[in-house]
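This report concerns only the one structure given below.
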Amino acid sequence: MTHPNSDDLLQWYDINAREMPWRTPPAEKQAGVKPDPYRVWMSEIMLQQTTVATVRDYFIKFTKRWPTVDDLAAAEDADVMAYWAGLGYYARARNLLKCARAVSQLGAFPQTYDELIKLPGIGPYTAAAVSSIAFDEPSPVMDGNVERVMARLFDIHTPLPAAKPELYAKTAELTPRARAGDYAQAVMDLGATICTPKNPACGICPWWTPCLARQNGTAAELPKKTPKKPKPTRHGIAYVVHSDTGALLLETRPEKGLLGGMLGWPTSDWCDEPSAAPPLDVKWTKVNAQTLHTFTHFNLRLDVMVATVEGVPMVSGRHWVEKHAFQPSALPTVMRKVWDIARKA
DNA sequence: AATACGTGGGG
DNA sequence: TCCCCAAGTAT
């Protein structure tokens, strides 16, 4: 019974590594070019709970706009949030900026897991990924892909998240001292392309031989997971008001909580039976369409109310944005949906 | 420890 | 249609 070998996976990775904008191309790597820690870090933050396909364009946009960590550190908060709009998990954008400013202050990125994990937005996964990929520290990297691969490799049936310590032990055991960063990316690539959640392609897997789940025919049912709770549906009202000068009334949402720090329309609270909370005492018209949106832990149905006012009266906590300066792309997706409905009304 | 936190794509 | 899930972190 052969034991899984990191070299077998690295050999596969050297041939099959997917090209990504944050990876050093093989030719340059061979010439000794080291990855840019800023780009590695940026990619890892964006890749948290987000697919490579979605991240690619955002990464290119961000690094073009802010080529270095010092550039990003000097950016306006609202500018960064607008660039992040649509990518989700907006606390990442707020922490991205905090982290950039901390690193800029330090003068350079810390190079070790222990130092990196102290920075905002960097947890166990990201600290391990950056220290290994950018700085060759052999930190075991465990994300959802690695968990799945380990659960199958060792045929572990303990459900997640209880299985994490056990899976981490296997991850650490398999992580090589040399090329730990490449190895981590190799396991993640394997999980994304071959050892997939559904229909794993065991027939072309470089770890076909040692994989216990493959031997036992249990690969497709692993990893086990504890059942999740049902999603409630909440209701709310969004208010889109035009000034007769062409301006729109918007708000920057509070730092904490859902869509924190993002631009959005004034809304009621979101609950079973929302109480009307229009931002202005004018004649509102209910649009004959609703916004449906699914968040991580609840569904949302928003009614959309529209109105027109004369001039641009001051409204506490809200601000008017001139039409020429208004960019729907700066809104989180749910707010973009509201705009799509309101503009047609 | 358990919950909050987005979004888009695939089966 | 609906459910799953994707390179997790903060509290």
Side-chain angles (χ1 to χ4, degrees), chain A residues 17-18 20-23 39-59 81 84-96 98-99 116-130 132-134 139-149 160-162 164-165 168 171 181-193 195-200 220-221 223 225-234 253-262 264 270 291-300 331-337:
Chain A
R18 296 185 291 168
M20 298 179 195
W22 48 89
R23 282 184 177 169
R39 295 168 67 85
V40 173
W41 162 75
M42 171 89 67
S43 69
E44 292 301 344
I45 300 298
M46 289 183 168
L47 286 164
Q48 291 167 6
Q49 298 289 285
T50 309
T51 57
V52 168
T54 301
V55 165
R56 189 172 251 113
D57 289 346
Y58 280 86
F59 177 85
M81 299 313 284
W84 196 277
L87 195 52
Y89 283 137
Y90 298 100
R92 290 185 297 171
R94 287 177 265 128
N95 285 329
L96 186 83
K98 279 187 203 158
C99 186
L116 285 162
I117 201 165
K118 295 176 184 170
L119 294 168
I122 298 187
Y125 163 76
T126 307
V130 173
S132 66
I133 296 170
S139 317
V141 175
M142 187 171 79
D143 73 329
N145 288 302
V146 179
E147 288 173 0
R148 183 171 59 257
V149 171
L160 285 168
K164 283 183 187 240
Y168 184 82
T171 302
D182 282 346
Y183 169 76
Q185 292 176 92
V187 184
M188 294 190 283
D189 272 18
L190 185 76
T193 62
C195 196
T196 48
K198 290 166 190 170
N199 306 315
E221 65 191 64
K225 301 200 170 179
T226 51
K228 55 175 66 85
K229 298 155 98 171
K231 261 180 207 189
T233 295
R234 298 183 191 166
R253 299 173 59 87
E255 287 288 308
K256 301 248 174 194
L258 194 69
L259 310 178
M262 296 301 292
W270 303 346
T291 302
L292 302 175
H293 193 74
T294 302
F295 290 102
T296 307
H297 51 298
F298 67 93
N299 300 306
L300 178 65
L331 298 174
T333 300
V334 64
M335 296 296 173
R336 232 176 278 178
K337 288 183 182 177

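Basis for what follows: all heavy atoms, side chains included, without hydrogens, waters or symmetry-related copies.
At the heavy-atom level, A:Val52 lies under 4.0 Å from base atoms of the strands shown. Residue A:Met335 is classed as having no contact, given no heavy-atom separation below 4.0 Å to the nucleic acid. Among the atoms of the strands shown, none is found under 4.0 Å from any heavy atom of A:Pro161.
Nearest-nucleotide assignment on DNA chain C puts the 5′-proximal partner with A:Gly191, out of A:Ile117 and A:Gly191. Of the residues near DNA chain C, A:Ala192 and A:Lys256, the one whose nearest nucleotide (by heavy atom distance) lies more toward the 5' end is A:Ala192.
Contact check, A:Lys225 against C:dC4: no side-chain N or O comes under 4.0 Å of OP1 or OP2.
When rounded to the nearest whole Å, the span between CD of A:Glu44 and P of C:dT9 equals 10 Å. Computed from coordinates, the A:Leu116 CG to C:dT9 P distance equals 12 Å when rounded to whole Å. Note: CD (A:Glu147) to C1' (C:dC5) measures 13 Å, nearest angstrom. Here C:dC4 presents its P atom at 15 Å from CZ of A:Arg148, a figure rounded to the nearest Å.
Annotation: side chain of A:Val130 is not in contact with side chain of A:Ile122 (no heavy-atom distance under 4.5 Å). Looking at A:Leu96 and A:Met42, their side chains come closer than 4.5 Å, going by heavy atoms from C-beta outward. A heavy-atom distance below 4.5 Å is found between the side chains of A:Val146 and A:Asp143.
With both ends at atom P, the span from C:dT11 to B:dG6 equals 14 Å, rounded to whole Å.
In this structure a side-chain-to-backbone donor-acceptor pair under 3.5 Å is present from A:Arg39 to A:Pro21. A:Thr50 places a side-chain N or O within 3.5 Å of a backbone atom of A:Gln48 that can act as its donor or acceptor partner.
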If the sugar-phosphate is the primed atoms plus P, OP1 and OP2 and the base is the rest, what is the B/S/- string for nucleotides 4-11 of chain B, using protein heavy atoms under 4.0 Å? SBBBS---
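Rounding to the nearest 0.5 angstrom, the gap separating the CE atom in A:Met46 from the CZ atom in A:Arg92 is 8.0 Å.
Between A:Phe295 and A:Phe298, the two ring planes are tilted [angle within 30° to 60°].
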